[in-house]
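When a ligand or atom number is given, it counts from 1 through the structure's own listing order. Heavy atoms only: backbone and side chains are in, while hydrogens, waters and symmetry mates are out.
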Amino acid sequence: MNRQTTAQRWYFRERPAEKVNGDTFEWREEPVGDLADGQFLLRTLYLSLDATNRVWLSDWDIYMEPVQIGEPMRGFVFGEVIASRHPDYPVGCHASGLHTWSSLIVSDGTGFAPFPALDGIDLAEAFATMSVAGPTAHVGLHHIGGLRSGETVVVSGAAGAVGVLVGQIAKIAGARVIGIAGSDEKCALLRREMGFDATINYRTENVADRLGELCPKGIDLCFENVGGDILDASLTHMKDFGRLVVCGLISTYNAAGKVPGPFMFRNLIMRRLTVRGFVILDHMDLFPAVLADLATWLRDGRLKMPVHMVHGLENAPEALNLLYTSGNTGKLLVKLD
Ligand SMILES: NC(=O)c1ccc[n+]([C@@H]2O[C@H](COP(=O)([O-])OP(=O)(O)OC[C@H]3O[C@@H](n4cnc5c(N)ncnc54)[C@H](OP(=O)(O)O)[C@@H]3O)[C@@H](O)[C@H]2O)c1
């Protein structure tokens, strides 16, 4: 094969003190050479923007190697194979995986998997659901949280990618679901279109008081995506022997210094709580069963994923901040034009 093509890529240039800014990344255009045996060339169609992208840019001791300054920015991508010398990735097939913020990717398949066609389901919605958010919601509720029918579930960050699926998957399992989100519009969407039983707008309502009213017998399972005051409010109203699934603490990811709380930590004792943090990448063995469930629910209409689409790879750095300014509803994706 004799081809020379140009890839657009974002590189990590400077560690942000707080939010990602104009100095954080550097745009480069680089030639893509010939493929070796066992490689394929992927044209990226969608880039997933995830809260954890910001965590990878920190100098914290985290769950995987952070992105180092000077390296291409890492991200979950979905694309179409446009040239191939790899038997498992023929031209025309779709693939998704963990790679880089890049318009063209040469890969030997490491970190990738072929992405099956889901008849009747929009590709963006399928990727948004199946890549990270769906497995995280499913594994967090069932495998980590041990959800049972009839229980009361509270989820924070409820109108985000993970949260919106947590609510719907908990409803499928027969739970009662209360979502906490940051606007009346998001709360209305959750109740009207996603089947949530009740919602709390944390900007206009007292979350602890409202949880007390909505959960007079306490919360069985809290699925935490946010942390801070919102976590404290849920800790205040946990049922005896309730479970707290710590999926994310997005309110702390841009913090420059120490973060306070939680102040109701004593309820781990008083309410005899089980608290489990998890990272979805540790549970790849569960993916075949989890993805089969997600595909079934997407196809039969029980699961919906709103997609917040930003156009153009060049806009990815600015778009990442939408996750931290409540700017997205559902899954934040970048479509490469
Ligand atoms: N453990 C894992 O393996 C795993 C995997 C995937 C994601 N996660 C975690 O899941 C959470 C959601 O991630 P995502 O990628 O799906 O993002 P997302 O929920 O789609 O977007 C973030 C949303 O969080 C809310 N938010 C942001 N800052 C906030 C703050 N200070 N206080 C209250 N709400 C705030 C905003 O919605 P509002 O309008 O409601 O403010 C924002 O739209 C994150 O904490 C992430 O780290 C964990």
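Residue contact check: Arg203 has heavy atoms under 4.0 Å from atoms 41 (O) of ligand 1. Near Val132, meaning under 4.0 Å from any of its heavy atoms, are these atoms of ligand 1: 6 (C). Interface atoms of ligand 1 facing Ala161, defined by a heavy-atom separation under 4.0 Å, are 16 (O), 18 (P), 19 (O), 20 (O). Of all the atoms in ligand 1, the ones that sit under 4.0 Å from a non-hydrogen atom of Ala181 are 40 (O). Near Gly330, meaning under 4.0 Å from any of its heavy atoms, are these atoms of ligand 1: 20 (O). Listed by atom number, the atoms of ligand 1 under 4.0 Å from Leu249 heavy atoms are 45 (O).
Taking any N or O of Gly182, backbone or side chain, at least one lies under 3.5 Å from an N or O belonging to ligand 1. Geometrically, ligand 1 and Gly327 share no nitrogen or oxygen pair separated by less than 3.5 Å. Residue Ser251 places no N or O, backbone or side chain, under 3.5 Å from any N or O of ligand 1. Considering backbone and side-chain atoms alike, Ile280 places an N or O below 3.5 Å from some N or O of ligand 1. Any N or O atom pair closer than 3.5 Å counts here, and Thr136 shares no such pair with ligand 1. Between Lys331 and ligand 1, a contact under 3.5 Å exists for no N or O pair. In terms of polar-atom proximity, Gly248 is not counted as a contact of ligand 1, lacking any N or O under 3.5 Å from an N or O of the ligand.
Aromatic rings from Tyr11 and Phe25 are positioned such that their centres are separated by 6.0 Å or more.
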Hey, mind stepping through Thr100 and Ile105 against side-chain contact (heavy atoms from CB on, under 4.5 Å) and telling me if it holds? CA-CA 8 Å; Thr100 52; Ile105 290 168; 4.3 Å; yes
Please lay out, stage by stage, how His138 and Asp293 fare under the test side-chain hydrogen bond (donor to acceptor under 3.5 Å, both in side chains). CA-CA 9 Å; His138 191 305; Asp293 278 349; 2.8 Å; yes
Test salt bridge (charged side-chain N to carboxylate O under 4.0 Å, His left out) applied to Glu30 and Arg9, step by step: CA-CA 8 Å; Glu30 298 176 321; Arg9 299 198 172 111; 2.6 Å; yes
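Protein heavy atom in closest approach to atom 46 (C) of ligand 1: Ala51 CB, 3.7 Å. Of all protein heavy atoms, the one lying nearest to atom 16 (O) of ligand 1 is Val162 N, 3.1 Å. Here the protein heavy atom with the shortest distance to atom 27 (C) of ligand 1 is Leu323 O, 3.2 Å. Among protein heavy atoms, atom 28 (N) of ligand 1 sits closest to Ile250 CG2, 3.8 Å. Protein heavy atom at the shortest distance from atom 45 (O) of ligand 1 is Asn225 O, 2.8 Å. Remark: minimum distance from atom 43 (O) of ligand 1 to any protein heavy atom is reached at Asn328 OD1, 2.5 Å. Atom 19 (O) of ligand 1 has its closest protein heavy atom at Gly160 CA, 3.1 Å.
Salt bridge Arg85/Asp37: present, at least one basic N to carboxylate O contact under 4.0 Å. Ion pair Arg243/Glu151 flagged as a salt bridge, since at least one NZ, NE, NH1 or NH2 atom sits closer than 4.0 Å to an Asp/Glu carboxylate oxygen. Asp197 and Arg191 are not joined by a salt bridge, as no carboxylate oxygen comes within less than 4.0 angstrom of a charged side-chain nitrogen.
Rounding to the nearest 0.5 Å gives a distance of 8.5 Å between CH2 of Trp101 and CH2 of Trp10. If you take CD on Gln39 and OG on Ser107, they are separated by 8.0 Å, rounding to the nearest 0.5 Å.
Between Trp56 and Phe76, the ring-plane angle classifies as tilted under the 30° and 60° cut-offs. In this pair, His143 and His283 present their aromatic rings perpendicular. The plane angle is above 60°, beyond the 30 to 60° band.
Residue contacts with ligand 1 do not include Leu332, since none of its heavy atoms lies under 4.0 Å from the ligand. The closest approach between any non-hydrogen atom of His308 and ligand 1 is not below 4.0 Å. Ligand 1 lies out of reach of Ala158, whose nearest heavy atom is not under 4.0 Å from it. A heavy-atom separation below 4.0 Å is found between Cys247 and ligand 1.
Listed for the Glu224 side chain is a donor-acceptor partner under 3.5 Å among the backbone atoms of Gly227.
If you look at Lys186 next to ligand 1, the close heavy atoms, those under 4.0 Å, all belong to the side chain.
Of the options Tyr202, Tyr253, Tyr324, Tyr63, the smallest heavy-atom separation from atom 35 (C) of ligand 1 is shown by Tyr202. Proximity annotation for atom 32 (N) of ligand 1: of Thr325, Val226, Leu190, Val226 comes nearest, heavy atoms only.
Remark: the Asp50 side chain and the Thr52 side chain contain no N/O donor-acceptor pair separated by less than 3.5 Å. Under 3.5 Å, the side chains of Arg15 and Thr24 contain no donor-acceptor pair of N or O atoms. No donor-acceptor contact under 3.5 angstrom links the side chains of Thr6 and Glu29, judged on distance only. In summary, the side chains of Lys331 and Thr129 do not present any donor paired with an acceptor at a separation below 3.5 Å, with no hydrogens or angles considered.
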